[in-house]
J.: 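Quick one: the structure is below, and I'll ask about it shortly.
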Amino acid sequence: MFAVLLIIMVSGCANEKTWTSGSASVSAKGEKADAALFAMDTYMSLTVYSDDAYDLAINACERIFELEKLFDPDLPESEVSRLNVSGEFTVGRELKEQIETAALVKERSEGAFDLTVGALVELWGFGDVPKVPSNEDIHKAISLCTDIAIDGSAVSLPEGTKINLGASAKGYTSNELSEFFKSAGVKSALVSLGGNVQVVGTKPDGNLWRVAVQDPRNENAGLGVLSIKDCAVVTSGDYQRYFIEEGVRYCHILDPRTGMSVNNGVCAVTVMCDNGLMADCLSTAMMVLGKEKALEYWETWGGYEMLIVTSDNTVTMTPGFAASFEPDENLEYSVEIFNEE
Amino acid sequence: MKNKTLVIIFLVILIAGVCAYIIFQTGNKADAEAVITLKGEVIHRISLSDVKESYTIDVEGSTVLVEKGRICMLEADCPDRLCVKSGYTSGPSKPIVCLPKQIVINITSASDGVDAVAR
C-alpha cells in the first residue's frame, strides 16, 4: 500500500508537462493546465480543467495566434488590413460575427458604438504618440464613421473608412475559446484576455468563480467581487490608456458621434453577459453613452447586467449585477442599485 | 526472519513515502513567491516573505522594487508605463505586465481569494 502511495506521489510530480511557443507557455499537472501569452497587444492567461487540459490549452494558444493574424491591423495580410486597404473583402465568420454584433449595438445605441472608428483612432494616435487633433481633422474622421455594407460574407466600406476591432476582438476571442472548451466537454475553465474575463462552468469543486472588479481610481484596490458561472465580465474605463494635454485628461475611448475622447462623468463600466463579444461591445458602448443613457439602454434591451462607476464617487449596479456582487468592505463609494424595488 | 525482512522493507517504503510527501507539500505551500518572466522565460524567483530590506532589480531597463511581502514596477522607460501605473500585485489574479518588453511579474504559491480581475 505504501509502495503504491509512493509511486502515485512520485508519478504525480513527474506528470508536470510544459510547452512553449513564441510568447506562449503552457504548464499542466494532472487535470489542470495554465497558459500565458502575449497576443492582440495584451497579456492573456487561461486555466482549463479536463482530462485533456494540456492539449486543450495548447490548442487554445494556437487558436489565439491564428485569430491575431486575422485581426491584426499592423499585419498587411490580415483580414482587417485587407478590408481597410481595399474597401472590399469577403470575410471569414470571425470578422463577420464582430461586424454583425457591432452593427446591432450601433443601431441600439444610436451610433455610440461603431467599428468604423479606425481613422478616428489613428488620428488621436492612441498606441503611438497620442495628441488632441484639430477640429477640422476630427470632423473629417467622424464623417468616415459609417455603416458597413455586408452581403453574406462580402463586406464593403466607403473610401477612407477603416474598421478597428479594439472593442470587439478580445471579446470575440474569449467567446470562441469558451465555446471551444465547452464543445470539448470542459466543465471548468477561465480565460482572461487583458482583463476581459470569461468563465466556463464553475470551479472544479463546484463553487462559483470569483472575479474582482478593478477600482478605476485606485490601482491597488477592487470595488468588490462577482461570483459567477458561464459568463463573461468585461470592463471599459478611462483609467488605463489615457494622456494629459494642457492639464486635461483624454482617455482612449472615443465617441464616434463627436470624435472626442469620452468625458461624461463615467470612469468605468463593467458588463456581465453570457456572450463575451457582446460584453466587450456593450462595455464600450455604455462608457460612451454615459450613465443615464446606459441605464435606458439596459432597460430597453436587457440581456446583460452592469456596474457603472461615476466621478461623483458612486457605484451604480443593475439588480442582476448586485445579486452576484459582494462590495469590498473598505469601498469608498456610495452604492446604488438601479430600479431596486 | 522472513517477517522481519518484510517489516523492514515496509518501514523503508513508509519513511521514503513520508519524506516525499513532506517535500512535495513544502514545495507547494511556499509563502508568496514572485516570479518575473521575460518573453515567457522565468528570470527571477523571489520569496517575498524572506525579504529583509527593500531592493531593486533591473529588467531590460525597467526597475522592479522588491519589498517584504510585495513587489511592483517602480520605473519603466516604455511609452505608456502601464506596468508602473498598475501598482503592487496583490496576488496571482493580478500580474504586473509590461507589454512592450513582455515582462510579467506574478505572485505564485499564495491565494488572493479571487480567480481573476476584470479591468
Side-chain angles (χ1 to χ4, degrees), chain A residues 1-3 5-7 9-10 12-13 20-25 36-38 41-43 45 47 126-130 190-192 194-199 203 208-216 218-222 225-226 232-235 237 239-243 268 270-272 283, chain B residues 6-7 9-25 27-28 35 37-42 70-73 79-106 108 111-119:
Chain A
M1 191 183 79
F2 292 118
L5 182 71
L6 182 66
I7 289 164
M9 284 191 298
V10 171
C13 181
T20 56
S21 173
S23 71
S25 61
L37 66 156
F38 284 89
D41 265 341
T42 197
Y43 174 69
S45 60
T47 301
F126 283 103
D128 191 16
V129 184
L190 181 145
V191 177
S192 176
N196 277 34
V197 179
Q198 191 157 356
V199 300
K203 292 206 257 190
L208 298 173
W209 294 101
R210 287 170 56 79
V211 178
V213 178
Q214 178 67 45
D215 183 339
N218 182 354
E219 260 303 335
N220 294 317
V225 178
L226 271 171
V233 183
V234 180
T235 297
Y239 56 100
Q240 278 201 315
R241 292 188 174 160
Y242 64 87
F243 68 96
T270 299
V271 166
M272 183 169 93
S283 67
Chain B
L6 275 175
V7 168
I9 290 170
F10 271 123
L11 276 176
V12 168
I13 292 170
L14 174 65
I15 291 164
V18 168
C19 289
Y21 183 75
I22 289 169
I23 289 165
F24 295 142
Q25 286 304 301
N28 288 341
V35 177
T37 57
L38 176 64
K39 297 185 173 78
E41 292 209 4
V42 176
R70 60 184 196 168
I71 187 165
C72 71
M73 189 72 87
D80 55 16
R81 300 174 79 247
L82 285 178
C83 49
V84 177
K85 289 178 198 164
S86 64
Y88 289 95
T89 58
S90 53
S93 62
K94 195 186 162 199
I96 296 169
V97 178
C98 170
L99 287 175
K101 297 179 185 174
Q102 298 198 352
I103 301 167
V104 181
I105 306 171
N106 212 344
T108 60
S111 171
D112 49 6
V114 296
D115 303 299
V117 179
R119 47 196 309 207

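Chain identifiers are assigned alphabetically (A, B, ...) following the order of the sequence lines, protein sequences preceding nucleic acid strands; residue numbering begins at 1 within each chain.
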J.: Is there side-chain contact between Tyr239(A) and Glu219(A), with heavy atoms separated by less than 4.5 Å?
T.: yes
J.: Counting heavy-atom pairs closer than 4.5 Å to chain A, which one of Leu99(B), Val97(B), Leu82(B), Thr37(B) comes out on top?
T.: Leu99(B)
J.: Is chain B contacted by the side chain of Val211(A), its backbone, both, or neither, given a heavy-atom distance below 4.5 Å?
T.: both
J.: Is there a side chain to side chain contact (heavy atoms under 4.5 Å, CB included) between Thr235(A) and Gln214(A)? Walk through the geometry before answering.
T.: CA-CA 8 Å; Thr235(A) 297; Gln214(A) 178 67 45; 5.9 Å; no
J.: If you measure from OG1 on Thr270(A) to CG on Leu226(A), what distance do you get to the nearest 0.5 Å?
T.: 8.0 Å
J.: By a 4.5 Å heavy-atom criterion (distance strictly below it), what part of Asp41(A) contacts chain B: side chain, backbone, both, or neither?
T.: backbone
J.: Based on non-hydrogen pairs under 4.5 Å, which of Phe243(A), Tyr43(A), Trp209(A) is most in contact with chain B?
T.: Tyr43(A)
J.: Chain A heavy atoms under 4.5 Å from Pro95(B): which part of the residue, side chain, backbone, both or neither?
T.: side chain
J.: For the residue pair Arg119(B) and Lys94(B), establish whether any side-chain heavy-atom pair is separated by less than 4.5 Å.
T.: yes
J.: Between Val233(A) and chain B, which part of the residue has a heavy atom less than 4.5 Å away: side chain, backbone, both or neither?
T.: both
J.: Are any side-chain N or O atoms of Arg210(A) and backbone N or O atoms of Gly113(B), one a donor and one an acceptor, separated by less than 3.5 Å?
T.: yes
